[in-house]
Amino acid sequence: MSETLRIKTQEPEALRTSIKDWRVEERPREKLAAHGAASLTDAELLAVMFGTGRQGQDVLEWSRSVLKSAGGLAGLFALPQEQLLELPGVGLARCMQVQAVLELTRRYLATPLRDGAGFTRPEMVKDYLAAQLRHQPREVFALLLLDSQHRLLHYCELFYGTINAAPVYPREIIKLVMRHNAAAVILAHNHPSGVAEPSQADQRVTTRIQEALTTIDVALLDHFVIGAGETVSFAERGWL
């Protein structure tokens with residue numbers, strides 16, 4: 001066999017090495033154990049979660065390619081199941097891992113809201129609502145229903161729209177408030193365009209809902225608009 005043929009049939013270096021061949025301090029799991037999760041990149045965290053790569057790619061290289069295909073971490077968690085399954089190397093098991101992580105995040109963020117502590121810290125409410133709505137491909141109008149101690153009774157996605165509009169009916173909000181015997185309400189909706197700045201239509205519908213809630217002696221505490229990287233609070237703007 002000629003030297004040229006031997007060179008052509010050799011595996012590329014990337015395929016002949018694995019993470020076990022790396023220096024210990026460069027391996028994602030060892031790096032996590034030594035320095036904590038905050039020291040890892042997004043790709044390294046995914047590598048720890050997934051555990052193994054795919055044919056021709058070690059787990060870290062493959063995790064980087066998944067993030068690139070999805071448009072980053074936010075894009076990955078925003079993908080519906082059918083699009084997750086289209087990513088190279090993502091089968092049903094890995095798809096469920098991603099979905100489980102997102103749902104655990106939502107439940108974690110909801111915990112302080114259910115005992116009332118979160119409503120003394122607006123940033124926690126913003127984080128919770130962003131986790132619920134930022135990934136949505138269309139406009140979604142949601143409610144947080146609270147008791148008299150401002151503890152979370154119920155989160156509800158009530159109205160759905162096209163990419164830039166959702167019809168909102170105050171009478172349906174009143175029905176839901178009375179069904180759960182809520183004492184206060186927080187409104188929220190996302191802007192799929194990514195721009196969080198409230199429109200004049202957002203302000204008008206907020207006023208209509210506030211007036212409707214006043215008739216049944218229920219307070220409207222805030223209305224959050226969720227964008228790609230920002231969340232706008234009506235209360236912080238002085239509009240409520």
Side-chain angles (χ1 to χ4, degrees), residues 29 32 36-38 40-51 63 66-67 70-85 87 90-160 166 173 176-177 179-192 196 221-233:
R29 288 183 178 176
L32 173 61
L40 272 64
T41 64
D42 292 347
E44 288 170 334
L45 288 169
L46 283 182
V48 172
M49 181 177 77
F50 289 135
S63 295
V66 167
L67 287 175
L73 196 61
L76 178 66
F77 285 108
L79 290 178
Q81 179 171 308
E82 58 272 17
Q83 292 183 30
L84 275 173
L85 292 171
L87 295 176
V90 177
L92 185 58
R94 283 168 168 166
C95 177
M96 289 189 291
Q97 281 181 294
V98 172
Q99 292 172 329
V101 168
L102 183 57
E103 183 59 26
L104 284 170
T105 300
R106 291 171 178 158
R107 295 185 186 189
Y108 167 75
L109 292 171
T111 300
L113 305 186
R114 296 191 187 282
D115 63 20
F119 292 101
T120 63
R121 297 167 59 187
E123 290 303 318
M124 295 187 68
V125 183
K126 290 182 181 181
D127 289 343
Y128 172 74
L129 291 170
Q132 296 286 351
L133 297 174
R134 184 162 285 155
H135 67 286
Q136 299 278 6
R138 57 179 176 170
E139 192 162 312
V140 178
F141 194 94
L143 305 178
L144 294 176
L145 301 176
L146 317 176
D147 67 11
S148 59
Q149 302 300 312
H150 291 176
R151 293 172 297 199
L152 180 62
L153 294 172
H154 185 62
Y155 167 81
C156 177
E157 294 179 359
L158 194 55
F159 305 117
Y160 300 87
I173 294 174
L176 196 63
V177 167
R179 184 186 311 155
H180 290 273
N181 196 28
V185 171
I186 291 176
L187 308 175
H189 76 281
N190 64 313
H191 281 176
L221 300 183
D222 210 336
H223 184 170
F224 291 97
V225 183
I226 313 298
E230 181 187 12
T231 299
V232 172
S233 160

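We number each residue from 1, following the sequence as shown.
Side chains of V98 and R94 form no contact here, defined as non-hydrogen atoms less than 4.5 Å apart. Contact check for V125 versus L144: side-chain heavy atoms found under the 4.5 Å cut-off. Between L84 and F77, the closest side-chain pair of non-hydrogen atoms is not below 4.5 Å. Using a 4.5 Å heavy-atom cutoff, the side chains of L79 and L87 are in contact. Annotation: side chain of P192 is not in contact with side chain of Q136 (no heavy-atom distance under 4.5 Å). Looking only at side-chain heavy atoms (C-beta outward), L146 and L153 stay at 4.5 Å or farther from each other. In this structure, the side chains of L221 and V185 stay at 4.5 Å or more apart for every pair of heavy atoms.
Distance alone, capped at 3.5 Å, is enough to place a donor-acceptor pair between the N190 side chain and the R138 backbone. Proximity of a side-chain donor or acceptor of Q132 to a complementary backbone N or O of L129 within less than 3.5 Å is not detected. R134 contributes a side-chain N or O that, together with a main-chain N or O of G227, makes up a donor-acceptor pair within less than 3.5 Å. Using modelled atom types, one side-chain atom of Q97 and one backbone atom of M49 make a donor-acceptor pair closer than 3.5 Å.
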Between F141 and I173, does a side chain to side chain contact (heavy atoms under 4.5 Å, CB included) hold up when you go through it step by step?
-> CA-CA 11 Å; F141 194 94; I173 294 174; 4.0 Å; yes
Mind running side chain to side chain contact (heavy atoms under 4.5 Å, CB included) on I186 and F224 for me, showing each step along the way?
-> CA-CA 8 Å; I186 291 176; F224 291 97; 3.7 Å; yes
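The aromatic rings of H154 and H180 lie parallel to each other, with less than 30° between the two planes, well short of the 60° mark.
Of all heavy-atom pairs between R29 and G51, the closest is NH2-CA, 3.8 Å. The heavy-atom pair separating L133 from A188 by the smallest distance is CD1-CB, 3.9 Å. Summarising the geometry of L45 relative to A37, their closest heavy-atom pair is CD2-O, 3.9 Å, with the distance given to 0.1 Å.
Ring centers of H189 and Y160: at least 6.0 Å apart, outside the cut-off.
With sequence neighbours excluded, the residues satisfying ring-ring contact (aromatic ring centres under 6.0 Å, His included) with Y128 are Y155. For D127, the side-chain contact (heavy atoms from CB on, under 4.5 Å) criterion is met by L109, not counting sequence neighbours. Residues meeting the side-chain contact (heavy atoms from CB on, under 4.5 Å) test with L67, sequence neighbours left out: D42, A43, L46, L73, L76.
Rounding to the nearest 0.5 Å gives a distance of 8.5 Å between CG of D222 and NZ of K126. Rounded to the nearest 0.5 Å, atoms CG (L143) and SG (C156) are 6.0 Å apart. A distance of 9.5 Å separates CE of M96 from CG of L85, quoted to the nearest 0.5 Å.
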